[in-house]
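Here the structure is laid out as structure tokens; the discussion comes afterwards.
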Amino acid sequence: MKGESAAEERLARERLPRHVAVIMDGNGRWARERGLSRIRGHRAGAESIREIVRTAGELGIGYLTLYAFSIENWKRPKREVASLMALLKRYLRRERAELDRNNVRLRVIGRIAGLPEDVRGAIRDAVRHLDRNTGLTLVLALNYGGRGEITDAVRALCRRCARGEISPEAVDEATISSSLDTAGMPDPDLLIRTSGEMRVSNFLLWQISYAEIHVTPVYWPDFRRGEFIRALLDYQGRERRFGGVGEAADPRPGSRSPGE
Ligand code: FPP
């Protein structure tokens, strides 16, 4: 579309977020408005994933983290959970070749041990298959909850303290960051939430401290390239202050300095 490409031209390629995190919401509402089953909504949502991953890779974004299945999602009807798992497995198997062609690496965060064995197998295969790639890192949050992740990190740190490997005084923000599932990744610069809700829903609680938040009323199955570009333009229009005045330095470890 002409309008879309004009928007794309306004994007400053040198000021793209390094890490974009997305709360993909609205599959159910999208389906209901069309008289379709929720499962059809999730299938349409998987199409959006395809398009957004491709676009993020093409633009040169470093990390894209998608909230694909939360710890709370187990409370959904059994049939819906089963089809979400099947969809995930199919996505990993079918998209592997395209992800590889696009130089995408895959990483997963969350309590992976709590997923069904066949899904874990599909994750293992896909991660291994893509591990030499150097482009976009696609991070799928599966059986994920931010508080659970922080709890696990605190437990791991306590164990290390009890074994005498580190002293409690040595525990700082960097130690905590590197004990989370996202260890080694930059924090998200931009958090996108689709379908209008103003909540963070237990997603990346530690990591989004300084993220810019873009909430759109658009349902996830309708969130395609044009919407993604609009979110990135919104991000580029923000003045990031990190708690300081004017263009202050990003305080996060390993972060770029302003102007870089
Ligand atoms: C929320 O919509 C969406 C999810 C449960 C997570 C996203 C899942 C997909 C996009 C399905 C495919 C996933 C992969 C990895 C292939 P909702 O059901 O909560 O929508 P509602 O709030 O309108 O009911």
Side-chain angles (χ1 to χ4, degrees), residues 20-57 63-99 102 104-112 114-116 118-127 129-130 136-146 181 191-204 215-225 227-228 231:
V20 179
V22 189
I23 302 176
M24 307 179 287
D25 196 12
N27 295 349
R29 275 162 283 175
W30 182 91
R32 197 175 56 226
E33 285 181 10
R34 287 161 179 77
L36 301 170
S37 68
R38 296 180 57 80
I39 290 152
R40 292 283 295 279
H42 295 317
R43 259 189 238 149
E47 288 299 321
S48 291
I49 293 184
R50 242 169 239 135
E51 190 162 321
I52 299 310
V53 170
R54 199 180 314 128
T55 307
Y63 295 82
L64 176 70
T65 300
L66 303 177
Y67 205 178
F69 194 86
S70 74
I71 288 179
E72 288 75 24
N73 286 157
W74 294 110
K75 293 183 209 142
R76 294 185 175 211
K78 254 193 174 149
R79 226 172 74 100
E80 188 178 343
V81 170
S83 48
L84 277 168
M85 290 298 149
L87 208 52
L88 172 63
K89 222 166 60 177
R90 202 175 327 142
Y91 175 81
L92 293 170
R93 299 239 151 97
R94 291 211 182 139
E95 290 304 298
R96 227 171 59 172
E98 151 119 358
L99 292 173
N102 295 332
V104 176
R105 259 191 317 179
L106 178 68
R107 187 162 161 176
V108 286
I109 58 170
R111 291 181 171 159
I112 303 307
L115 294 170
D118 56 339
V119 174
R120 289 196 332 251
I123 293 172
R124 263 195 309 272
D125 289 350
V127 169
H129 192 78
L130 304 169
L136 171 74
T137 299
L138 167 63
V139 185
L140 293 179
L142 298 166
N143 195 20
Y144 177 87
D181 293 359
L191 171 69
I192 299 174
R193 179 164 189 145
T194 61
S195 98
E197 247 81 56
M198 300 286 181
R199 288 193 287 272
V200 293
S201 298
N202 204 15
F203 190 42
L204 301 174
V215 178
T216 167
V218 169
Y219 296 145
W220 176 251
D222 287 330
F223 190 91
R224 300 295 168 102
R225 188 179 183 105
E227 292 299 329
F228 190 42

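When a ligand or atom number is given, it counts from 1 through the structure's own listing order.
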Margin query: What verdict does the side chain to side chain contact (heavy atoms under 4.5 Å, CB included) test give for L138 and L66, after you've listed the backbone C-alpha separation in whole Å, the side-chain angles of each residue and the deciding distance to 0.1 Å?
Written below: CA-CA 8 Å; L138 167 63; L66 303 177; 3.8 Å; yes
Notebook entry, point to check: If you measure from each heavy atom of S195 to ligand 1, is any distance below 4.0 Å?
Noted result: no
Checklist line | Identity and separation of the nearest protein heavy atom to atom 16 (C) of ligand 1 | finding: Y91 CB, 3.6 Å
Next item on the list: Could you list the atoms of ligand 1 found under 4.0 angstrom from a heavy atom of W220?
Entry: 10 (C)
Item checked: Residue and atom name of the nearest protein heavy atom (relative to atom 10 (C) of ligand 1), distance in Å to one decimal -> N27 ND2, 3.5 Å
Check: Short N/O distance, under 3.5 Å, between G45 and ligand 1?
Finding: no
Next item on the list: List every atom of ligand 1 that sits less than 4.0 Å from any heavy atom of L88, numbering the atoms from 1 in the order shown and giving each element.
Entry: 15 (C)
Note to self: Does atom CZ (R79) have a neighbourhood of more than 12 heavy atoms from anything else shown, all under 6.0 Å?
What the structure shows: no
Notebook entry, point to check: Quick one: nearest non-hydrogen protein atom to atom 3 (C) of ligand 1, plus distance?
Noted result: M24 O, 3.1 Å
Next item on the list: Please work out whether the ring planes of F203 and Y144 are parallel, tilted or perpendicular, with thresholds of 30° and 60°.
Entry: perpendicular
Notebook entry, point to check: Are E227 and R224 within salt-bridge range, i.e. N to O under 4.0 Å?
Noted result: no
Notebook entry, point to check: Do other residues, nucleotides or ligands put more than 12 heavy atoms under 6.0 Å from the CZ atom of R93?
Noted result: yes
Notebook entry, point to check: Looking at ligand 1, does R76 have a heavy atom less than 4.0 Å from it?
Noted result: yes
Next item on the list: Flag the pair R199 and E72 as a salt bridge only when some basic side-chain nitrogen lies within less than 4.0 angstrom of an acidic carboxylate oxygen.
Entry: no
Check: Near R29, which atoms of ligand 1 are under 4.0 Å from a heavy atom of that residue?
Finding: 21 (P), 22 (O), 23 (O)
Item checked: ligand 1 N/O within reach of E80 N/O, cut-off under 3.5 Å -> no
Check: Can Y67 be said to touch ligand 1, with heavy atoms closer than 4.0 Å?
Finding: yes
Next item on the list: Give a yes/no on ligand 1: does L140 have at least one heavy atom closer than 4.0 angstrom to it?
Entry: no
